[in-house]
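Numbered from 1 within each chain, the chains take letters A, B, ... in sequence-line order.
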Number of protein chains: 2
Amino acid sequence: MARTTGSDGEKTEAAVREAAVSLIARLGYEAMSMRQLAAEVGVQAAALYRYFPTKEDLLFTLMREHMEGLIEAWNAARPVVADPATRLAAYVENHIAFHIERRHSTHVSNMELRSLSHDRLTQILKLRTTYEKELRAILRDGAEAGVFDVEDTGLTAMALIQMMTGVIVWFRPGERLSISEVTATYLSMTMRLVGAKAHGATTSYSAGRANDAVAL
Amino acid sequence: MARTTGSDGEKTEAAVREAAVSLIARLGYEAMSMRQLAAEVGVQAAALYRYFPTKEDLLFTLMREHMEGLIEAWNAARPVVADPATRLAAYVENHIAFHIERRHSTHVSNMELRSLSHDRLTQILKLRTTYEKELRAILRDGAEAGVFDVEDTGLTAMALIQMMTGVIVWFRPGERLSISEVTATYLSMTMRLVGAKAHGATTSYSAGRANDAVAL
DNA sequence: GAATTAATTGAACGTTCGTTTTATTATTGC
DNA sequence: GCAATAATAAAACGAACGTTCAATTAATTC
(Lines give C-alpha, C1' and ligand atoms only; values in the text may rest on other atoms or scores of the structure.)
Protein backbone atom coordinates (compact mmCIF):
# COMPACT_ATOMS: atom_id res chain seq x y z
CA MET A 1 0.00 0.00 0.00
CA ALA A 2 0.91 3.64 -0.13
CA ARG A 3 -0.96 6.91 0.15
CA THR A 4 -4.40 6.35 1.58
CA THR A 5 -7.59 8.02 0.43
CA GLY A 6 -8.35 11.20 2.30
CA SER A 7 -4.88 11.47 3.80
CA ASP A 8 -3.88 15.04 4.66
CA GLY A 9 -0.49 16.09 5.98
CA GLU A 10 -1.75 18.84 8.27
CA LYS A 11 -4.35 16.66 9.86
CA THR A 12 -1.93 13.80 10.35
CA GLU A 13 0.65 16.06 11.93
CA ALA A 14 -1.93 17.50 14.31
CA ALA A 15 -3.09 13.99 15.20
CA VAL A 16 0.51 12.97 15.84
CA ARG A 17 1.09 15.89 18.21
CA GLU A 18 -2.08 15.24 20.10
CA ALA A 19 -1.49 11.52 20.44
CA ALA A 20 2.14 12.09 21.40
CA VAL A 21 1.30 14.48 24.24
CA SER A 22 -1.23 12.07 25.61
CA LEU A 23 0.96 8.99 25.27
CA ILE A 24 4.10 10.60 26.64
CA ALA A 25 2.17 12.02 29.58
CA ARG A 26 0.77 8.60 30.37
CA LEU A 27 3.69 6.30 29.63
CA GLY A 28 6.69 8.56 29.64
CA TYR A 29 8.82 9.53 26.66
CA GLU A 30 11.22 6.60 26.87
CA ALA A 31 8.45 4.09 27.38
CA MET A 32 6.44 5.27 24.38
CA SER A 33 7.52 3.64 21.14
CA MET A 34 7.14 5.21 17.75
CA ARG A 35 5.13 2.18 16.68
CA GLN A 36 2.75 2.71 19.59
CA LEU A 37 2.32 6.34 18.65
CA ALA A 38 1.75 5.45 15.03
CA ALA A 39 -0.89 2.91 15.98
CA GLU A 40 -2.68 5.55 18.06
CA VAL A 41 -2.75 7.84 15.04
CA GLY A 42 -3.78 5.00 12.77
CA VAL A 43 -0.71 5.05 10.60
CA GLN A 44 2.54 3.14 10.12
CA ALA A 45 5.61 4.17 12.13
CA ALA A 46 7.49 5.24 9.03
CA ALA A 47 4.86 7.88 8.32
CA LEU A 48 5.77 9.76 11.50
CA TYR A 49 9.15 10.60 10.04
CA ARG A 50 7.58 12.76 7.40
CA TYR A 51 6.64 15.22 10.16
CA PHE A 52 9.35 14.80 12.78
CA PRO A 53 12.87 13.76 11.80
CA THR A 54 13.53 12.00 15.11
CA LYS A 55 11.69 11.03 18.25
CA GLU A 56 13.56 13.68 20.18
CA ASP A 57 12.56 16.35 17.66
CA LEU A 58 8.97 15.46 18.36
CA LEU A 59 9.48 15.78 22.11
CA PHE A 60 11.31 19.07 21.75
CA THR A 61 8.60 20.52 19.53
CA LEU A 62 5.90 19.63 22.04
CA MET A 63 7.85 21.16 24.89
CA ARG A 64 8.81 24.33 23.09
CA GLU A 65 5.28 24.99 21.99
CA HIS A 66 4.02 24.36 25.49
CA MET A 67 6.43 26.88 26.98
CA GLU A 68 5.76 29.43 24.27
CA GLY A 69 2.06 28.98 24.82
CA LEU A 70 2.47 29.59 28.53
CA ILE A 71 4.39 32.80 27.95
CA GLU A 72 1.91 33.96 25.36
CA ALA A 73 -1.00 33.26 27.68
CA TRP A 74 0.64 35.36 30.37
CA ASN A 75 1.41 38.18 27.95
CA ALA A 76 -2.24 38.22 26.99
CA ALA A 77 -3.48 38.08 30.58
CA ARG A 78 -1.04 40.40 32.35
CA PRO A 79 -2.38 43.71 33.59
CA VAL A 80 -0.57 46.61 31.95
CA VAL A 81 -0.43 48.85 34.97
CA ALA A 82 -1.55 47.58 38.32
CA ASP A 83 -0.44 47.20 41.92
CA PRO A 84 1.64 44.13 42.81
CA ALA A 85 -1.25 42.30 44.48
CA THR A 86 -3.42 42.58 41.38
CA ARG A 87 -0.54 41.48 39.17
CA LEU A 88 0.17 38.54 41.46
CA ALA A 89 -3.48 37.53 41.40
CA ALA A 90 -3.45 37.64 37.60
CA TYR A 91 -0.29 35.53 37.52
CA VAL A 92 -1.79 32.89 39.80
CA GLU A 93 -5.05 32.77 37.91
CA ASN A 94 -3.35 32.49 34.55
CA HIS A 95 -0.93 29.86 35.79
CA ILE A 96 -3.55 27.61 37.29
CA ALA A 97 -5.98 27.99 34.40
CA PHE A 98 -3.28 27.22 31.85
CA HIS A 99 -1.92 24.22 33.73
CA ILE A 100 -5.28 22.65 34.37
CA GLU A 101 -6.22 23.16 30.74
CA ARG A 102 -2.95 21.72 29.47
CA ARG A 103 -2.31 19.06 32.08
CA HIS A 104 -0.76 16.59 29.68
CA SER A 105 1.68 18.90 28.00
CA THR A 106 2.61 20.35 31.39
CA HIS A 107 3.40 16.85 32.55
CA VAL A 108 5.54 16.28 29.49
CA SER A 109 7.37 19.59 29.81
CA ASN A 110 8.12 19.05 33.49
CA MET A 111 8.98 15.36 33.49
CA GLU A 112 10.84 14.70 30.27
CA LEU A 113 13.51 17.39 30.39
CA ARG A 114 16.23 14.80 30.87
CA SER A 115 15.49 13.25 27.50
CA LEU A 116 16.53 16.41 25.68
CA SER A 117 19.99 17.05 24.30
CA HIS A 118 22.03 19.66 26.12
CA ASP A 119 21.32 22.40 23.61
CA ARG A 120 17.62 21.81 23.55
CA LEU A 121 17.42 21.52 27.30
CA THR A 122 19.04 24.93 27.49
CA GLN A 123 16.45 26.37 25.12
CA ILE A 124 13.55 25.05 27.16
CA LEU A 125 15.05 26.18 30.45
CA LYS A 126 15.55 29.63 28.97
CA LEU A 127 11.85 29.87 28.19
CA ARG A 128 11.03 28.63 31.65
CA THR A 129 13.28 31.23 33.24
CA THR A 130 11.66 33.95 31.16
CA TYR A 131 8.31 32.96 32.58
CA GLU A 132 9.50 32.63 36.16
CA LYS A 133 11.22 36.01 36.09
CA GLU A 134 7.84 37.61 35.67
CA LEU A 135 6.78 36.24 39.03
CA ARG A 136 10.01 37.31 40.69
CA ALA A 137 9.55 40.82 39.38
CA ILE A 138 6.06 40.98 40.86
CA LEU A 139 7.29 39.73 44.21
CA ARG A 140 10.21 42.16 44.20
CA ASP A 141 7.99 45.10 43.33
CA GLY A 142 5.56 44.14 46.04
CA ALA A 143 8.31 43.74 48.62
CA GLU A 144 9.86 47.08 47.69
CA ALA A 145 6.50 48.79 47.83
CA GLY A 146 5.94 47.27 51.25
CA VAL A 147 2.72 45.51 50.28
CA PHE A 148 4.30 42.03 50.41
CA ASP A 149 6.30 40.50 53.21
CA VAL A 150 8.76 38.29 51.33
CA GLU A 151 12.03 37.10 52.80
CA ASP A 152 13.61 35.79 49.64
CA THR A 153 12.18 36.64 46.24
CA GLY A 154 13.73 33.77 44.31
CA LEU A 155 12.92 31.15 46.86
CA THR A 156 9.37 32.37 47.25
CA ALA A 157 8.86 32.36 43.49
CA MET A 158 10.04 28.75 43.28
CA ALA A 159 7.85 27.73 46.20
CA LEU A 160 4.79 29.36 44.64
CA ILE A 161 5.37 27.84 41.23
CA GLN A 162 5.88 24.37 42.66
CA MET A 163 2.75 24.77 44.73
CA MET A 164 0.61 26.00 41.85
CA THR A 165 1.90 23.57 39.25
CA GLY A 166 1.30 20.74 41.70
CA VAL A 167 -2.38 21.22 41.10
CA ILE A 168 -2.17 18.99 38.04
CA VAL A 169 -1.06 16.06 40.20
CA TRP A 170 -4.31 15.71 42.07
CA PHE A 171 -6.89 17.92 40.33
CA ARG A 172 -9.42 16.20 38.09
CA PRO A 173 -12.14 18.25 36.42
CA GLY A 174 -15.62 17.38 37.54
CA GLU A 175 -14.65 16.03 40.93
CA ARG A 176 -15.13 17.62 44.30
CA LEU A 177 -13.82 21.07 43.44
CA SER A 178 -14.43 23.27 40.42
CA ILE A 179 -11.62 25.11 38.70
CA SER A 180 -12.79 28.41 40.10
CA GLU A 181 -12.93 27.02 43.62
CA VAL A 182 -9.42 25.64 43.33
CA THR A 183 -8.17 28.90 41.86
CA ALA A 184 -9.77 30.92 44.64
CA THR A 185 -8.22 28.77 47.33
CA TYR A 186 -4.78 28.89 45.74
CA LEU A 187 -5.14 32.61 45.38
CA SER A 188 -5.82 33.14 49.04
CA MET A 189 -3.01 30.77 50.02
CA THR A 190 -0.67 32.70 47.76
CA MET A 191 -1.67 36.05 49.18
CA ARG A 192 -1.16 34.84 52.72
CA LEU A 193 2.15 33.21 51.82
CA VAL A 194 3.57 36.45 50.46
CA GLY A 195 2.12 38.36 53.39
CA ALA A 196 -0.02 40.58 51.18
CA LYS A 197 -1.49 43.48 53.11
CA ALA A 198 -5.24 43.12 52.84
CA HIS A 199 -6.60 46.06 50.92
CA GLY A 200 -9.58 46.03 48.61
CA ALA A 201 -9.77 43.44 45.85
CA THR A 202 -7.04 41.22 47.26
CA THR A 203 -9.01 39.83 50.14
CA SER A 204 -12.15 39.32 48.13
CA TYR A 205 -10.48 36.35 46.45
CA SER A 206 -10.51 34.28 49.57
CA ALA A 207 -14.11 33.17 49.35
CA GLY A 208 -14.50 30.52 51.99
CA ARG A 209 -15.06 26.83 51.52
CA ALA A 210 -15.58 24.10 54.06
CA ASN A 211 -12.76 21.89 55.28
CA ASP A 212 -12.66 18.52 53.66
CA ALA A 213 -10.27 15.88 52.45
CA VAL A 214 -8.96 16.02 48.91
CA ALA A 215 -9.29 13.04 46.63
CA LEU A 216 -6.06 11.49 45.45
CA MET B 1 35.79 -16.13 34.43
CA ALA B 2 33.55 -16.64 37.42
CA ARG B 3 33.53 -15.53 41.04
CA THR B 4 36.05 -12.75 41.59
CA THR B 5 38.39 -12.44 44.56
CA GLY B 6 37.00 -10.37 47.37
CA SER B 7 33.45 -10.54 46.04
CA ASP B 8 30.80 -10.12 48.72
CA GLY B 9 27.09 -10.38 48.16
CA GLU B 10 26.08 -7.79 50.72
CA LYS B 11 28.50 -5.22 49.43
CA THR B 12 27.52 -5.83 45.84
CA GLU B 13 23.83 -5.49 46.63
CA ALA B 14 24.43 -2.22 48.47
CA ALA B 15 26.50 -0.95 45.55
CA VAL B 16 23.72 -1.90 43.15
CA ARG B 17 21.12 -0.01 45.16
CA GLU B 18 23.26 3.06 45.43
CA ALA B 19 24.19 3.11 41.76
CA ALA B 20 20.60 2.41 40.74
CA VAL B 21 19.20 5.35 42.71
CA SER B 22 21.76 7.67 41.23
CA LEU B 23 21.38 6.42 37.66
CA ILE B 24 17.59 6.32 37.68
CA ALA B 25 17.45 9.80 39.18
CA ARG B 26 19.74 11.11 36.46
CA LEU B 27 18.59 9.19 33.40
CA GLY B 28 15.16 7.91 34.33
CA TYR B 29 14.13 4.32 34.92
CA GLU B 30 13.31 3.48 31.33
CA ALA B 31 16.45 5.10 30.00
CA MET B 32 18.76 3.25 32.37
CA SER B 33 19.80 -0.14 31.06
CA MET B 34 20.76 -3.04 33.26
CA ARG B 35 24.12 -3.15 31.47
CA GLN B 36 24.71 0.50 32.30
CA LEU B 37 23.89 -0.14 35.93
CA ALA B 38 26.14 -3.19 36.00
CA ALA B 39 29.02 -1.20 34.51
CA GLU B 40 28.59 1.45 37.20
CA VAL B 41 28.85 -1.24 39.85
CA GLY B 42 31.75 -2.88 38.08
CA VAL B 43 30.04 -6.15 37.35
CA GLN B 44 28.37 -7.97 34.48
CA ALA B 45 24.65 -7.46 33.90
CA ALA B 46 23.84 -11.06 34.74
CA ALA B 47 25.19 -10.59 38.27
CA LEU B 48 22.42 -8.09 39.04
CA TYR B 49 19.83 -10.84 38.78
CA ARG B 50 21.26 -12.54 41.84
CA TYR B 51 19.91 -9.64 43.92
CA PHE B 52 16.86 -8.43 42.04
CA PRO B 53 14.79 -10.83 39.95
CA THR B 54 13.69 -8.14 37.52
CA LYS B 55 14.41 -4.51 36.76
CA GLU B 56 11.01 -3.55 38.10
CA ASP B 57 11.70 -5.39 41.36
CA LEU B 58 14.74 -3.22 41.77
CA LEU B 59 12.74 -0.05 41.20
CA PHE B 60 10.00 -1.14 43.57
CA THR B 61 12.48 -1.99 46.30
CA LEU B 62 14.10 1.43 46.06
CA MET B 63 10.76 3.18 46.18
CA ARG B 64 9.34 1.16 49.04
CA GLU B 65 12.40 1.68 51.18
CA HIS B 66 12.33 5.39 50.43
CA MET B 67 8.73 5.72 51.53
CA GLU B 68 9.24 3.56 54.60
CA GLY B 69 12.28 5.65 55.51
CA LEU B 70 10.23 8.81 55.22
CA ILE B 71 7.53 7.49 57.49
CA GLU B 72 10.09 6.21 59.99
CA ALA B 73 11.86 9.54 60.02
CA TRP B 74 8.59 11.29 60.80
CA ASN B 75 7.70 8.79 63.53
CA ALA B 76 11.05 9.47 65.13
CA ALA B 77 10.77 13.25 64.80
CA ARG B 78 7.10 13.82 65.65
CA PRO B 79 6.30 15.53 68.93
CA VAL B 80 4.22 13.29 71.18
CA VAL B 81 2.01 15.98 72.60
CA ALA B 82 2.21 19.47 71.25
CA ASP B 83 0.07 22.25 69.83
CA PRO B 84 -0.68 22.14 66.09
CA ALA B 85 1.81 24.88 65.23
CA THR B 86 4.67 23.00 66.87
CA ARG B 87 3.62 19.78 65.19
CA LEU B 88 3.39 21.52 61.84
CA ALA B 89 6.84 23.01 62.31
CA ALA B 90 8.23 19.57 63.10
CA TYR B 91 6.56 18.14 59.99
CA VAL B 92 8.01 20.84 57.76
CA GLU B 93 11.49 20.51 59.24
CA ASN B 94 11.49 16.74 58.95
CA HIS B 95 10.14 16.82 55.42
CA ILE B 96 12.68 19.28 54.10
CA ALA B 97 15.61 17.70 55.90
CA PHE B 98 14.68 14.25 54.64
CA HIS B 99 14.10 15.35 51.07
CA ILE B 100 17.28 17.35 50.79
CA GLU B 101 19.24 14.48 52.27
CA ARG B 102 17.64 11.93 49.94
CA ARG B 103 17.22 14.00 46.81
CA HIS B 104 17.92 11.17 44.43
CA SER B 105 15.59 8.62 45.92
CA THR B 106 12.90 11.29 46.25
CA HIS B 107 13.27 11.99 42.56
CA VAL B 108 12.92 8.30 41.80
CA SER B 109 9.90 7.83 44.06
CA ASN B 110 8.11 10.84 42.60
CA MET B 111 8.95 10.44 38.92
CA GLU B 112 8.92 6.74 38.21
CA LEU B 113 5.56 5.72 39.60
CA ARG B 114 4.23 4.97 36.14
CA SER B 115 6.79 2.24 35.65
CA LEU B 116 5.31 0.15 38.45
CA SER B 117 2.73 -2.56 37.98
CA HIS B 118 -0.74 -1.78 39.25
CA ASP B 119 -0.32 -3.73 42.47
CA ARG B 120 2.99 -2.18 43.33
CA LEU B 121 1.81 1.28 42.45
CA THR B 122 -1.02 0.76 44.90
CA GLN B 123 1.41 -0.25 47.63
CA ILE B 124 3.58 2.82 47.15
CA LEU B 125 0.60 5.16 47.00
CA LYS B 126 -0.68 3.64 50.21
CA LEU B 127 2.55 4.52 51.97
CA ARG B 128 2.39 7.98 50.54
CA THR B 129 -1.15 8.47 51.74
CA THR B 130 -0.16 7.30 55.20
CA TYR B 131 2.46 10.00 55.32
CA GLU B 132 0.24 12.73 53.91
CA LYS B 133 -2.56 11.94 56.33
CA GLU B 134 -0.30 13.04 59.14
CA LEU B 135 -0.15 16.51 57.69
CA ARG B 136 -3.88 16.63 57.12
CA ALA B 137 -4.47 15.67 60.73
CA ILE B 138 -2.23 18.50 61.92
CA LEU B 139 -4.02 21.00 59.71
CA ARG B 140 -7.42 19.77 60.79
CA ASP B 141 -6.51 19.94 64.47
CA GLY B 142 -5.14 23.43 64.00
CA ALA B 143 -8.22 24.57 62.13
CA GLU B 144 -10.55 23.10 64.74
CA ALA B 145 -8.57 24.67 67.55
CA GLY B 146 -8.78 27.98 65.75
CA VAL B 147 -5.01 28.47 65.56
CA PHE B 148 -4.90 27.91 61.79
CA ASP B 149 -6.96 29.58 59.11
CA VAL B 150 -7.36 26.83 56.52
CA GLU B 151 -10.10 26.79 53.91
CA ASP B 152 -9.62 23.24 52.71
CA THR B 153 -7.52 20.76 54.66
CA GLY B 154 -6.83 18.34 51.83
CA LEU B 155 -6.05 20.98 49.27
CA THR B 156 -3.78 22.84 51.67
CA ALA B 157 -1.92 19.66 52.54
CA MET B 158 -1.29 18.94 48.87
CA ALA B 159 -0.15 22.51 48.25
CA LEU B 160 2.26 22.40 51.16
CA ILE B 161 3.73 19.06 50.20
CA GLN B 162 4.22 20.13 46.60
CA MET B 163 5.83 23.34 47.77
CA MET B 164 8.17 21.65 50.22
CA THR B 165 9.13 18.72 48.02
CA GLY B 166 9.90 21.18 45.23
CA VAL B 167 12.94 22.21 47.18
CA ILE B 168 14.87 19.33 45.61
CA VAL B 169 14.37 20.79 42.16
CA TRP B 170 16.48 23.86 42.72
CA PHE B 171 18.32 23.41 46.02
CA ARG B 172 21.99 22.48 45.82
CA PRO B 173 24.00 22.12 49.03
CA GLY B 174 26.83 24.56 49.37
CA GLU B 175 25.30 27.23 47.15
CA ARG B 176 23.74 30.50 48.19
CA LEU B 177 21.52 29.17 50.95
CA SER B 178 22.25 26.72 53.73
CA ILE B 179 19.82 23.98 54.65
CA SER B 180 18.85 25.75 57.83
CA GLU B 181 18.20 29.01 55.98
CA VAL B 182 16.02 27.23 53.46
CA THR B 183 14.17 25.40 56.19
CA ALA B 184 13.59 28.59 58.14
CA THR B 185 12.18 30.35 55.09
CA TYR B 186 9.90 27.47 54.18
CA LEU B 187 8.76 27.30 57.76
CA SER B 188 7.70 30.92 57.82
CA MET B 189 6.03 30.59 54.42
CA THR B 190 4.15 27.57 55.70
CA MET B 191 3.00 29.31 58.86
CA ARG B 192 1.74 32.27 56.92
CA LEU B 193 0.05 30.04 54.33
CA VAL B 194 -1.97 28.23 57.00
CA GLY B 195 -2.70 31.52 58.73
CA ALA B 196 -1.05 30.44 61.97
CA LYS B 197 -1.82 32.80 64.79
CA ALA B 198 1.55 34.15 65.92
CA HIS B 199 2.10 33.02 69.48
CA GLY B 200 5.46 32.24 71.03
CA ALA B 201 7.75 29.78 69.29
CA THR B 202 5.89 29.87 66.00
CA THR B 203 6.98 33.29 64.91
CA SER B 204 10.55 32.83 66.01
CA TYR B 205 11.05 30.53 63.03
CA SER B 206 10.75 33.35 60.56
CA ALA B 207 14.24 34.71 61.04
CA GLY B 208 14.65 37.27 58.31
CA ARG B 209 16.83 37.03 55.25
CA ALA B 210 17.46 39.56 52.52
CA ASN B 211 15.61 39.45 49.20
CA ASP B 212 17.62 37.90 46.42
CA ALA B 213 17.24 35.76 43.34
CA VAL B 214 17.55 32.04 43.62
CA ALA B 215 19.98 30.17 41.43
CA LEU B 216 18.50 27.64 39.04
C1' DG C 1 41.87 -30.75 51.94
C1' DA C 2 37.62 -32.28 50.04
C1' DA C 3 32.86 -31.01 49.58
C1' DT C 4 29.71 -27.48 49.50
C1' DT C 5 28.01 -23.10 48.72
C1' DA C 6 28.30 -18.20 47.08
C1' DA C 7 29.35 -15.01 43.49
C1' DT C 8 30.24 -14.01 39.10
C1' DT C 9 31.38 -14.32 34.00
C1' DG C 10 30.51 -14.88 29.11
C1' DA C 11 27.63 -16.07 25.73
C1' DA C 12 23.36 -16.40 23.98
C1' DC C 13 18.05 -15.84 23.43
C1' DG C 14 14.17 -13.73 21.40
C1' DT C 15 12.17 -9.04 21.21
C1' DT C 16 11.79 -4.56 20.44
C1' DC C 17 13.69 -0.28 19.42
C1' DG C 18 14.42 4.08 16.29
C1' DT C 19 15.17 4.75 11.78
C1' DT C 20 15.90 4.23 6.54
C1' DT C 21 14.79 2.79 2.01
C1' DT C 22 11.97 1.75 -1.67
C1' DA C 23 7.80 1.24 -3.87
C1' DT C 24 3.09 2.58 -4.44
C1' DT C 25 -0.97 5.17 -4.47
C1' DA C 26 -3.76 9.57 -3.87
C1' DT C 27 -4.06 14.24 -4.82
C1' DT C 28 -3.04 18.53 -7.18
C1' DG C 29 -1.86 21.70 -10.97
C1' DC C 30 -2.10 22.54 -15.62
C1' DG D 1 -5.89 13.31 -18.55
C1' DC D 2 -1.12 13.73 -17.70
C1' DA D 3 2.80 15.13 -15.09
C1' DA D 4 4.34 16.44 -10.61
C1' DT D 5 4.06 16.09 -5.90
C1' DA D 6 2.34 14.60 -1.34
C1' DA D 7 1.42 10.89 1.82
C1' DT D 8 1.76 6.61 3.04
C1' DA D 9 2.83 1.29 3.45
C1' DA D 10 5.85 -2.56 3.74
C1' DA D 11 10.00 -4.39 4.68
C1' DA D 12 14.26 -4.31 6.38
C1' DC D 13 18.54 -2.51 9.20
C1' DG D 14 21.69 -2.92 12.94
C1' DA D 15 21.72 -2.00 17.66
C1' DA D 16 20.18 -2.42 22.16
C1' DC D 17 17.10 -4.28 25.41
C1' DG D 18 15.84 -7.47 29.70
C1' DT D 19 16.75 -11.86 30.88
C1' DT D 20 18.49 -16.85 31.11
C1' DC D 21 21.80 -20.49 31.34
C1' DA D 22 25.83 -23.04 31.82
C1' DA D 23 30.39 -22.86 33.25
C1' DT D 24 33.85 -21.37 36.47
C1' DT D 25 36.13 -19.74 40.38
C1' DA D 26 36.33 -17.94 45.38
C1' DA D 27 35.05 -18.60 49.97
C1' DT D 28 33.28 -21.46 53.56
C1' DT D 29 32.32 -25.64 56.13
C1' DC D 30 33.60 -29.80 58.25
Side-chain angles (χ1 to χ4, degrees), chain A residues 1-24 26-63 108 112 114-117 119-120, chain B residues 1-24 26-63 108 112 114-117 119-120:
Chain A
M1 303 272 169
R3 179 167 189 168
T4 55
T5 59
S7 62
D8 177 340
E10 281 192 35
K11 285 182 184 171
T12 304
E13 179 169 349
V16 169
R17 286 166 192 259
E18 197 176 334
V21 167
S22 167
L23 273 181
I24 296 175
R26 284 196 350 248
L27 312 174
Y29 169 75
E30 296 281 354
M32 179 204 72
S33 74
M34 295 299 270
R35 286 173 178 82
Q36 219 171 344
L37 172 58
E40 192 84 1
V41 177
V43 97
Q44 289 298 313
L48 303 174
Y49 289 84
R50 165 164 261 268
Y51 307 100
F52 301 96
T54 68
K55 190 184 179 188
E56 197 210 319
D57 275 279
L58 169 58
L59 176 64
F60 176 66
T61 300
L62 298 177
M63 285 186 170
V108 172
E112 308 296 350
R114 60 189 165 201
S115 294
L116 292 178
S117 70
D119 275 4
R120 288 172 161 171
Chain B
M1 301 271 170
R3 180 166 189 170
T4 54
T5 58
S7 62
D8 177 340
E10 281 191 34
K11 285 181 184 171
T12 303
E13 178 168 351
V16 170
R17 285 167 191 260
E18 198 175 334
V21 168
S22 167
L23 273 181
I24 296 175
R26 279 187 3 240
L27 312 174
Y29 169 76
E30 295 281 355
M32 179 202 73
S33 75
M34 294 300 269
R35 287 171 177 83
Q36 217 172 345
L37 172 58
E40 191 85 1
V41 178
V43 97
Q44 290 297 316
L48 302 174
Y49 289 82
R50 165 165 261 267
Y51 307 100
F52 301 96
T54 69
K55 191 185 179 187
E56 197 210 318
D57 275 280
L58 170 57
L59 176 65
F60 176 66
T61 300
L62 298 177
M63 285 186 169
V108 172
E112 308 295 350
R114 61 188 163 200
S115 294
L116 292 178
S117 70
D119 277 4
R120 287 173 161 171

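A donor-acceptor pair is defined here as one N or O able to donate and one able to accept, closer than 3.5 Å; such a pair exists between the side chain of Glu56(A) and the backbone of Ser117(A).
Whole-Å rounding puts the Glu30(B) CD to dG18(C) P distance at 11 Å. In this entry the distance linking CG of Leu37(A) with P of dG18(C) reads 10 Å, nearest Å. Rounded to an integer number of Å, the gap from CZ of Phe52(B) to C1' of dA7(C) is 15 Å. Between the C1' atom of dT15(C) and the CD atom of Gln36(A) lies a distance of 15 Å, rounded to the nearest Å. Rounded to an integer number of Å, the gap from CD of Gln44(B) to C1' of dT8(C) is 9 Å. For the pair Asp57(B) CG and dG18(D) P, the computed distance is 14 Å after rounding to whole Å. At whole-Å resolution of the value, CG in Leu48(A) and C1' in dA7(D) are 12 Å apart. Atom CE of Met34(A) is separated from atom P of dA10(D) by 18 Å (rounded to the nearest Å).
In this structure, of dT8(C), dG18(C), dG18(D), it is dG18(D) that holds the atom nearest to the side chain of Lys55(B). Here dA7(C) is the nucleotide among dG10(C), dA7(C), dA6(D) with the atom lying nearest to any side-chain atom of Arg50(B). Distance from the side chain of Val43(B) is smallest to dT9(C) among dT9(C), dG18(C), dA11(D). Distances from the side chain of Arg35(B) to the nucleotides dC17(D), dG18(C), dT9(C) place dC17(D) closest. Proximity note for Thr5(B) (side chain, C-beta onward) versus dT19(D), dA7(D), dA27(D): the nearest is dA27(D).
In this structure, Arg114(B) does not pair ionically with Glu30(A), as no charged nitrogen and carboxylate oxygen lie closer than 4.0 Å. In summary, Arg17(A) and Glu10(A) do not engage in a salt bridge, as defined by a charged side-chain N under 4.0 Å from a carboxylate O.
Distances shown here put a side-chain N or O of Thr12(B) below 4.0 Å from the OP1 or OP2 atom of dT8(C). Side-chain nitrogen and oxygen atoms of Tyr51(B) include at least one within less than 4.0 Å of the OP1 or OP2 phosphate oxygen of dT8(C). Within the 4.0 Å cut-off from OP1 or OP2 of dC17(D), at least one side-chain nitrogen or oxygen of Ser33(B) is found.
By the 4.5 Å heavy-atom criterion applied to side chains, Leu48(B) and Leu58(B) are not counted as neighbours.
Remark on DNA chain D: of its neighbouring residues Ala45(A) and Glu56(B), the 5'-side contact belongs to Ala45(A), judged by nearest-heavy-atom nucleotide.
In plain terms, the two heavy atoms of Ala20(B) and Leu37(B) that are nearest each other are N-CD1, 3.5 Å.
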